[in-house]
J.: 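Provided herewith is a single structure, encoded as C-alpha cells, for subsequent inquiry.
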2 protein chains.
Amino acid sequence: MADPMWRQIAEDLRLKIESGELGGGGRPLPSELELRDEYHASRNTVRDAVKWLTTRGLVETRPGRGTFVVTKIDPFVTELSTGIGAGPGAESSAYISEVGIRRRTAEVSAPRVEIHQAKGLVWDELQVAEGATVVSRHQKRYIDGTPWSLQTTFYPIRLVELGATRIIQAEDMPDGVSAYLEETLGIAHAGWRDRFTVRAPDRAETDFFDLPDDGRIAVFEIIRTGYDDSGDPFRVTITTYPADRNVFVMNVGEVPAEARVDTPGPDG
Amino acid sequence: MADPMWRQIAEDLRLKIESGELGGGGRPLPSELELRDEYHASRNTVRDAVKWLTTRGLVETRPGRGTFVVTKIDPFVTELSTGIGAGPGAESSAYISEVGIRRRTAEVSAPRVEIHQAKGLVWDELQVAEGATVVSRHQKRYIDGTPWSLQTTFYPIRLVELGATRIIQAEDMPDGVSAYLEETLGIAHAGWRDRFTVRAPDRAETDFFDLPDDGRIAVFEIIRTGYDDSGDPFRVTITTYPADRNVFVMNVGEVPAEARVDTPGPDG
DNA sequence: CCGTATTTGTTCGTATGTATT
DNA sequence: CAATACATACGAACAAATACG
C-alpha cells in the first residue's frame, strides 16, 4: 500500500528543504493554508506532515510566525581524558580545558549543595548503606552564555566527617574537589569509571537546556565514579549534555596534536 | 496559562503508567474511545495525549490491538578501551570481549566490501586527496540475534597497493584488519581518536535496528580514526548503535575489577 | 475460512484561541 | 486594531489491522 498522504507530503517537503528550494535564508515555509491548497489536502493533513518534520528535527514551528528550517549549530567539542595524568576533571577552572573549541568562554554557577539519603544509582555506586547520608553539589555550566551541561556530584558524608568540610560549602572550587580531597585527606584519585548513556530529558533538563517539550532531543549522560587507591568509590558525578549540540572526543595512544579536537566536516 | 487538555491527559496517563495503575502485566491501556469518555474529550484529543507518550517512548500503539507500555530492555554494555594495550578492536572475534554482559552471543555478518571515492568526513579524516580511492568494509553486528551495531571501516587504497590485498576480500577477519596490517605491512597501530555523537538515524539504520519511523530514537555514532606510529591516519571506522539499548563504559586508571562493566541500578 | 466486533490510522471539516506582525 | 499564522479542540467517516467465535 502507498504511504499515507501526510507522509508523502512530508517526504516532498523534506526533499524541497534539503535541496534548498524551501526555507532557505531564514525564510519560513509556506503557511499551512498555502500548503493545504498546494497539496489539495486538509489543513490537518499538512499539519501532520509538518509535525513529522518537526519530530525529525528538520523544522520548527512558531505561533504567529511560521515554520522554519532548523539550522544545525556548531557543536561543543569536549575531550574526555583517558589517563590519570590528564586529571579527572576539576570543578570549574580546569574543565574549561575540556572544551576543545577555543574562543569560547565557559562559566559555572555557584554550586547548590544538598544533603540526601543515598538510594538507587548513587547508593549502588558509592557502596554505602542504603539511606546513608550523602552530599551533593549541583552546578549549571555554560559556554558562551548558552546552557551547556548540568552536573551533580555525590560524596559520602564520611568525607566531611573526616575533615573535608569545604565540600558542604556552596562555593565553587576552581581547582576541583578531587584536588582538595587529596590535600586535606590524602585521598588519591586512582581511577574512575565513566558510563555513557543517552536518554530522554527530564523536566529540569528540558527547562535548563530549552529543549522542545516533546522530548525528541535526547540528553547525553555521563556517570563518573571515582575510586581511591584502595579501590573504594568516593564520588559519583552525573553530567548531562543536550545531545544535539555536543561531541565528545577521546584520544588513545599517540594521536597527532593537530587532529585531537578537530571538528568533523560534512558527512560522507 | 494552564496546560492544554491533551497535555493534562498525557500527564495523568504518565502518572498512572509509572505507578503501575495502567498497562501493567502487558495489558493494554484503555482504548481511545474509553479514554475519550473518561476524560470527557474528543477522540482526537486523547490521541494527541497518547501521541505525546509515544514520542517520549513510554508507550507504543499497535493498530487493531491497543496501546501498550514499553518495557525497557536490558542494555548492551560495551567497554571502550583506554589504552593501546587493550587493542583497538578486531573485526569480529575480539570485539565480543567488548561486550560486558556475558551469556550473550555475538555474531557478525560477512563484510560488504566496496570501493569509493573519498569525500566529506572520510576524506577529511584520512587526509587523502579529495576523490582518492578508498576501500570500505561494512558489517552488521548482532547480539543474541538482535541487531546491535552497523560498522563501516574505510582504508586508503594505498594499503592494498602496498600488499595488504586481503582487505578487499569479502571475508571476515576475526583477528582484525589492524593485526593483519601490522603483520603484512608492519603498520603499527600507535593510537586512535574516538569521536562520539548522537544523531537521528538514517533510513538504513531505521531498517536494520527496527527503529520507529518518527526518528525519536537516536543512534549513537562512534567515529574512530586510527593512526600509525608516524602519526598518519590509515583507517576510519564509523560504528552506529541504537541509543535506546546501549551503554558504554570507560575505565581509567585503577578501577576495581568487579565494578568495571556493571549494569546500573535504577536511577536515584 | 469467514464474518463481525474492536481498535488504531487516516482524512476531512469546522470553530475558536493565542502569538506575532 | 486588524490581519496572519500556528495551536487546540471537537465531530465525523472510512480504512486497515487484529481478535474471536
Side-chain angles (χ1 to χ4, degrees), chain A residues 1-13 17 22-23 25-70 206 210-216, chain B residues 1-14 17 22-23 25-70 210-216:
Chain A
M1 191 53 185
D3 277 347
M5 193 191 300
W6 65 265
R7 191 72 171 74
Q8 296 178 39
I9 295 173
E11 206 57 43
D12 191 63
L13 289 174
I17 288 168
L22 284 182
R27 282 175 8 259
L29 265 57
S31 76
E32 292 171 350
L33 295 183
E34 288 169 321
L35 292 175
R36 171 190 58 146
D37 295 340
E38 182 177 338
Y39 289 105
H40 305 292
S42 77
R43 185 175 160 234
N44 280 330
T45 300
V46 304
R47 272 179 66 79
D48 283 343
V50 173
K51 178 92 174 176
W52 186 83
L53 297 172
T54 304
T55 308
R56 302 299 304 249
L58 273 76
V59 302
E60 63 186 15
T61 59
R62 296 171 206 229
R65 308 255 343 251
T67 302
F68 299 84
V69 174
V70 172
T206 302
D210 194 27
L211 300 179
D213 174 66
D214 57 16
R216 112 183 82 93
Chain B
M1 194 53 183
D3 277 348
M5 191 189 299
W6 66 265
R7 193 70 172 72
Q8 294 179 39
I9 295 173
E11 206 58 41
D12 191 63
L13 289 173
R14 186 180 67 82
I17 288 169
L22 284 181
R27 285 174 6 261
L29 264 55
S31 76
E32 291 171 352
L33 295 183
E34 288 169 321
L35 291 175
R36 166 188 60 133
D37 295 341
E38 183 178 336
Y39 290 105
H40 305 293
S42 76
R43 185 178 160 228
N44 279 330
T45 301
V46 304
R47 274 179 64 80
D48 283 344
V50 172
K51 178 91 173 177
W52 187 83
L53 297 172
T54 304
T55 308
R56 301 300 302 252
L58 274 77
V59 301
E60 62 186 15
T61 60
R62 295 166 198 252
R65 307 257 343 252
T67 302
F68 299 85
V69 173
V70 172
D210 194 27
L211 300 178
D213 172 66
D214 58 16
R216 110 183 85 93

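Residue numbers begin at 1 in each chain, while the letters A, B, ... track the order of the sequences.
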J.: What does the B/S/- profile of nucleotides 6-16 of chain C look like, 5' to 3', with a 4.0 Å heavy-atom cutoff to protein?
T.: -BBBBSBBBB-

J.: Could you tell me which residues satisfy side chain to side chain donor-acceptor pair (under 3.5 Å) with B:Arg56, sequence neighbours excluded, listed by chain and number?
T.: none

J.: Rounded to the Å, how far apart are B:Ile9 CD1 and D:dT8 C1'?
T.: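 Going from CD1 in B:Ile9 over to C1' in D:dT8 covers 12 Å.
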
J.: Can you name the side chain to side chain donor-acceptor pair (under 3.5 Å) partners of B:Thr54, sequence neighbours left out?
T.: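 By the side chain to side chain donor-acceptor pair (under 3.5 Å) rule, B:Thr54 matches no residue at all.
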
J.: Of all residues at least two apart in sequence or in a different chain, which pass the salt bridge (Lys or Arg N to Asp or Glu O under 4.0 Å) check with A:Glu11?
T.: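 Listed in chain order: A:Arg7, A:Arg14.
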
J.: Output side-chain donor-acceptor pairs under 3.5 Å for residues 45-53 of chain A, partner residues at least two apart or in another chain, one line each.
T.:
from    : atom 1 : to       : atom 2 : distance (Å)
A:Thr45 : OG1    : A:Ser42  : OG     : 3.1
A:Arg47 : NH1    : A:Glu32  : OE2    : 2.9
A:Trp52 : NE1    : B:Asp213 : OD2    : 3.2

J.: Under 3.5 Å, which donor-acceptor pairs link side chains of residues 57-69 of chain A to any protein atom two or more places apart or in another chain?
T.:
from    : atom 1 : to      : atom 2 : distance (Å)
A:Glu60 : OE2    : A:Arg62 : NH2    : 2.9

